[in-house]
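Only one structure is covered here, and it is reproduced in the block below.
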Amino acid sequence: MEWTDEGTIIGLKAHGESAVILEVMTREHGRHLGLVRGGRSAKAQAPLQPGNHVSLTWRARLDEHLGEYKIELLASHAARLMAAPVALYGLATVSGLLRLLPERDPHPGLYEGLSVLIAHLDEPQLAPALVVRFELAMLGELGFGLDLSRCAVTQSPDDLSHVSPKSGKAVSRPVAQPYLDRLLALPAFLLEGQGGRTPSAAEILAGFALTGFFLRRHILEPRDLREPPERARLIELAGRAAANAAEADPSTDFSVKCRRRRLRAWQRTCIVLAG
């Protein structure tokens, strides 16, 4: 058995004296593991870091075997990501979610979404919102997607403000008013057409609260798992970054350029994750 693909490294662990077992989110073969002989050598360690984009050839005698990887580095992201705490915690959070996927099950939308994330994970004002969007996509891929397109009661797409914890469907503001203590807040940056605006700290926290609730209910708790500690640290950094962004002067050319870049990245993420 043999195939060639490309992917993003999401983890590795030592195996024996000199080898490593590499975990890669691939384009066509999903989350896939393989043995890299000599992967613990000084020369091999740099390309095998989480976040790097690689070309890989997998070989095994039988399809169900672990198999071996031959790796070629296509793009090095690890050094850039390691220099930014938000990127480190963001990558650890997303990698932990990807490990909940069945091994060798293709998820091309998540693969493309991960590629966008890797490109922007070191941007504190953009990365948290993209991670929230990625978590929503993960819920959908695992069969627990939320319906944020229209109100569950009126069927109107207007003035959506909350989500029902029972149905996972959006609720409009007038309908939600009598039940605010029972509903989850729906931050505006998750709604269609709102991705270009920088979310406030409260909206970022609301986004993580929303996805966290459904991740715990449908995915983590049934498997007797807890949220990774890296996610809590990411949320803390995200709130701080959003608060700092609110204090910045939005009239500068630099801020305008950043907003345009965030808009392009957000639109690209929405497209690939929706696909």
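Fair warning: this is a prediction, and the values are worked out from it, not measured in the lab.
When atom types are taken as modelled, the side chain of Arg150 and the backbone of Pro157 share no donor-acceptor pair closer than 3.5 angstrom. Formation of a donor-acceptor pair under 3.5 Å by the Thr154 side chain with backbone atoms of Cys151 is not found in this model. Listed for the Gln45 side chain is a donor-acceptor partner under 3.5 Å among the backbone atoms of Arg40. For the pair Gln49 (side chain) and Ala46 (backbone), a donor-acceptor distance under 3.5 Å is absent. Not one N or O on the side chain of Ser164 forms a donor-acceptor pair closer than 3.5 Å with the backbone of Gly168. Between the Glu236 side chain and the Ala232 main chain, no donor and acceptor come within less than 3.5 Å of each other.
Considering CD of Glu141 and CG of Asp105, their distance stands at 8.5 Å, rounded to 0.5 Å. Separating the OG atom in Ser95 from the CE atom in Met25 is a distance of 10.5 Å, to the nearest 0.5 Å. Annotation: the span from Leu186 atom CG to Leu191 atom CG amounts to 4.5 Å, rounded to 0.5 Å. To the nearest 0.5 Å, atoms CG (Leu35) and NE2 (His65) are separated by 13.5 Å. Residue Arg240 holds its CZ atom at 5.5 Å from CG of Leu237, rounded to the nearest 0.5 Å. For the atom pair CG (Leu101) and CD (Glu103), the distance works out to 11.0 Å, reported to the nearest 0.5 Å.
When all heavy atoms are compared, the tightest approach of Ala129 to Pro199 is CB-CG, 4.2 Å. Ala127 and Leu121 make their closest contact through CB-O, 3.5 Å (heavy atoms, listed as atom of the first residue, atom of the second, distance). For the pair Ala152 and Lys169, the tightest heavy-atom approach, listed with the atom from each and the gap, is CB-CB, 3.7 Å. Smallest separation of non-hydrogen atoms from Gly67 and Trp58: CA-NE1, 3.4 Å. Residue Pro108 comes nearest to Pro106 through the heavy atom pair CD-C, 3.7 Å, listed as atom of the first residue, atom of the second, then distance. For Ala176 against Leu183, the heavy-atom pair with the smallest separation is CB-CD1, 3.5 Å.
A donor atom on one side chain and an acceptor atom on the other are found under 3.5 Å apart for His32 and Arg104. Judged purely by distance below 3.5 Å, without hydrogens or angles, the side chains of Asn52 and His77 never pair a donor atom with an acceptor atom.
Residues Glu230 and Leu234 fail the side-chain proximity criterion, which asks for heavy atoms closer than 4.5 Å. Taking 4.5 Å as the limit, every side-chain heavy atom of Leu12 sits out of range of all side-chain heavy atoms of Val36. Side-chain atoms of Thr26 and Thr8, non-hydrogen and from C-beta on, never get closer than 4.5 Å to each other. Contact annotation: the side chain of Ser172 never approaches that of Val153 to less than 4.5 Å [non-hydrogen atoms, C-beta and beyond]. For the pair Pro174/Asp159, a side-chain contact is recorded, criterion being any heavy-atom separation below 4.5 Å from C-beta on. Leu98 is listed as a side-chain neighbour of Phe134, based on a closest heavy-atom distance under 4.5 Å. Counting only heavy atoms from C-beta outward, the side chains of Ile10 and Leu114 approach each other to under 4.5 Å. Residues Leu91 and Ile118 form a side-chain contact, since some pair of their non-hydrogen atoms from C-beta on lies under 4.5 Å apart.
The hydrophobic clustering, which links ILVMFWY residues whose side-chain heavy atoms are closer than 4.5 Å, places Leu220 and Val94 together. One hydrophobic cluster holds both Ile219 and Val131 under the rule that ILVMFWY side chains link at heavy-atom gaps under 4.5 Å. By the criterion of side-chain heavy atoms lying less than 4.5 angstrom apart, applied directly or through intervening Ile, Leu, Val, Met, Phe, Trp or Tyr residues, Ile235 is grouped together with Leu190 in one hydrophobic cluster. No continuous path of ILVMFWY side-chain contacts below 4.5 Å connects Met82 to Ile9, so the two sit in separate hydrophobic clusters. With hydrophobic clusters built from ILVMFWY side chains whose heavy atoms lie under 4.5 angstrom apart, Leu205 shares a cluster with Leu126.
When the shell of 6.0 Å around CZ of Phe208 is examined, it contains more than 12 heavy atoms from other residues, nucleotides or ligands. Around atom CZ of Arg226, no more than 12 heavy atoms belonging to other residues, nucleotides or ligands sit under 6.0 Å away. The 12-atom threshold is exceeded at CZ of Arg233, counting heavy atoms of other residues, nucleotides or ligands nearer than 6.0 Å. The 12-atom threshold is not exceeded at CG of Asp224, counting heavy atoms of other residues, nucleotides or ligands nearer than 6.0 Å.
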message: Walk me through whether Val171 and Val163 qualify under side chain to side chain contact (heavy atoms under 4.5 Å, CB included).
response: CA-CA 6 Å; Val171 180; Val163 176; over 6 Å; no
query: Taking it one step at a time, do Leu56 and Glu72 satisfy side chain to side chain contact (heavy atoms under 4.5 Å, CB included)?
result: CA-CA 6 Å; Leu56 58 161; Glu72 178 184 350; over 6 Å; no
- request: Take Leu184 and Phe214 through the side chain to side chain contact (heavy atoms under 4.5 Å, CB included) test and state the conclusion after the steps.
  value: CA-CA 10 Å; Leu184 299 165; Phe214 289 101; 3.6 Å; yes
task: Any chance you could lay out the side chain to side chain contact (heavy atoms under 4.5 Å, CB included) test for Val20 and His15, step after step, and finish with the verdict?
output: CA-CA 5 Å; Val20 298; His15 183 79; 5.8 Å; no
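Ring geometry, Tyr69 versus Trp3: the interplanar angle exceeds 60°, so the pair is classed perpendicular (tilted spans 30 to 60°).
The existence of a salt bridge linking Arg27 and Asp5 is excluded, since no basic side-chain nitrogen approaches an acidic carboxylate oxygen closer than 4.0 Å. Here Glu68 does not pair with Arg59 in a salt bridge; the nearest charged N to carboxylate O distance is not below 4.0 Å. Arg99 and Glu23 are joined by a salt bridge, as a carboxylate oxygen and a charged side-chain nitrogen come within less than 4.0 angstrom of each other. Asp122 and Arg80 are joined by a salt bridge, as a carboxylate oxygen and a charged side-chain nitrogen come within less than 4.0 angstrom of each other. A salt bridge is defined here as a Lys NZ or Arg NE, NH1 or NH2 lying under 4.0 Å from an Asp or Glu carboxylate O, and Arg217 with Glu221 fails to meet this definition.
Scanning for ring pair (Phe, Tyr, Trp, His ring centres under 6.0 Å) contacts around Phe213 gives an empty result, with sequence neighbours left out. Listed by chain and number, the residues in a salt bridge (Lys or Arg N to Asp or Glu O under 4.0 Å) with Glu135 are Arg231 (sequence neighbours excluded).
Applying the ring pair (Phe, Tyr, Trp, His ring centres under 6.0 Å) test to every pair with at least one member in residues 135-176, sequence neighbours left out, gives these pairs: Phe144-His218.
None of Glu6, His29, Arg31 except one satisfies the side-chain hydrogen bond (donor to acceptor under 3.5 Å, both in side chains) rule with Tyr111; the exception is Glu6.
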